[in-house]
**Q** 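My questions will all concern the structure given below.
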Amino acid sequence: MESELHYHYITNYSLDLCLEYMKHDNIYDKFEYVWEERGDYYLITFKEYKNSMLSLANAPKPTFKVTFENMGNQTGISVQFLKGSLQPVPFAYTKDIDIFWEKKLDAEKVK
């Protein structure tokens, strides 16, 4: 089931570099996550906060559909929360989701 919660970002990293960076955990990641390729899109599931007092331990794990758009010298990133019957909203703060993409792919949120 899809939802209306969309986040849009833009980075100066190439599409190939974005995809490579998503395969690897790094010390600046805001979350522990699972990254899955699904053809023309990807799924990211945030498993737990890293280095934080916040925890997703007992909460449903938020999953997002991620698509990338090659824009020449930039890459657009579209992140859509996948709403389910057990999880009508993500159990992660929007601010923290923004920080994740900022730190992971040097991405800026666009309106």
**Q** Could you walk me through whether Y33 and K104 satisfy the side-chain hydrogen bond (donor to acceptor under 3.5 Å, both in side chains) test, starting with their C-alpha distance in whole Å, then the side-chain angles of each, then the deciding distance to 0.1 Å, before giving a yes or no?
**A** CA-CA 12 Å; Y33 65 90; K104 188 71 177 181; 2.9 Å; yes
**Q** How many angstroms lie between NZ in K103 and CD1 in I27, if you round to the nearest 0.5 Å?
**A**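 Going from the NZ atom of K103 to the CD1 atom of I27 covers 10.5 Å.
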**Q** If hydrophobic clusters are built from ILVMFWY residues whose side chains come within less than 4.5 Å, do L5 and W101 share one?
**A**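 Yes, L5 connects to W101 through the hydrophobic network.
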**Q** So, using side chain to side chain contact (heavy atoms under 4.5 Å, CB included) as the criterion, who are the partners of D25 when residues are at least two apart?
**A**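 With sequence neighbours excluded, D25 shows a side chain to side chain contact (heavy atoms under 4.5 Å, CB included) to D29, K50, given in chain and number order.
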**Q** Considering residues at least two apart in sequence or located in another chain, which fulfil the ring pair (Phe, Tyr, Trp, His ring centres under 6.0 Å) criterion with Y49?
**A**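 Ring pair (Phe, Tyr, Trp, His ring centres under 6.0 Å) check on Y49 returns F31.
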**Q** Got a second to check how far Q80's CD is from L82's CG, nearest 0.5 Å?
**A**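 It is 6.0 Å, given to the nearest 0.5 Å.
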**Q** Rounded to the nearest 0.5 Å, how far apart are CD of E69 and SG of C18?
**A**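 So the CD of E69 and the SG of C18 are separated by 12.0 Å.
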**Q** How about CD on E102, more than 12 heavy atoms from neighbouring residues, nucleotides or ligands closer than 6.0 Å, or not?
**A**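 Yes, because the 6.0 Å sphere around CD of E102 holds more than 12 heavy atoms from other groups.
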**Q** Which heavy atom in Y41 sits nearest to a heavy atom in L43, and how many Å separate them?
**A**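 Closest approach of Y41 to L43: CE1-CD2, 3.9 Å.
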**Q** On a heavy-atom basis, which atom in S78 and which in H8 lie closest, and how many Å separate them?
**A**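 That would be OG-CE1, 3.5 Å.
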**Q** Which residue is it: M22, K65, E37, E36? I am looking for the one with a side chain to side chain contact (heavy atoms under 4.5 Å, CB included) to Y42.
**A**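 With Y42 as partner, M22, K65, E37, E36 yield a single side chain to side chain contact (heavy atoms under 4.5 Å, CB included), made by E37.
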**Q** Quick check on the 6.0 Å ring-centre criterion: do F46 and F64 meet it?
**A**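 Centroid separation for F46 and F64: below 6.0 Å.
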**Q** Could you measure the distance from the CG atom of L105 to the CD1 atom of I10? Nearest 0.5 Å is fine.
**A**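 One finds 12.5 Å between CG of L105 and CD1 of I10.
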**Q** Is there a side-chain contact between T11 and Y21 (heavy atoms, below 4.5 Å)?
**A**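 SC-SC contact between T11 and Y21 ruled out.
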**Q** So do the side chains of Y9 and D98 get within less than 4.5 Å of each other, counting heavy atoms only?
**A**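 A side-chain contact under 4.5 Å exists here.
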**Q** Taking the side chain as C-beta and beyond, is there a heavy-atom pair between T75 and Y13 under 4.5 Å?
**A**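 A side-chain contact is absent here, since even the closest heavy-atom pair is not under 4.5 Å.
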**Q** Side-chain heavy atoms under 4.5 angstrom apart, residues restricted to Ile, Leu, Val, Met, Phe, Trp, Tyr: same cluster for L15 and L17?
**A**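 Linked within one cluster.
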**Q** Roughly how far, to the nearest 0.5 Å, is the CD atom of E48 from the NZ atom of K30?
**A**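 If we round to the nearest 0.5 Å, K30:NZ and E48:CD are 11.5 Å apart.
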**Q** Would you say that I97 contacts F81 through its side chain, given a criterion of any heavy-atom pair below 4.5 Å between the two side chains?
**A**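 Not in contact.
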**Q** Quick one: CD1 on I77 to CD on E108, what's the gap to the nearest 0.5 Å?
**A**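 I77 atom CD1 to E108 atom CD measures 11.0 Å (nearest 0.5 Å).
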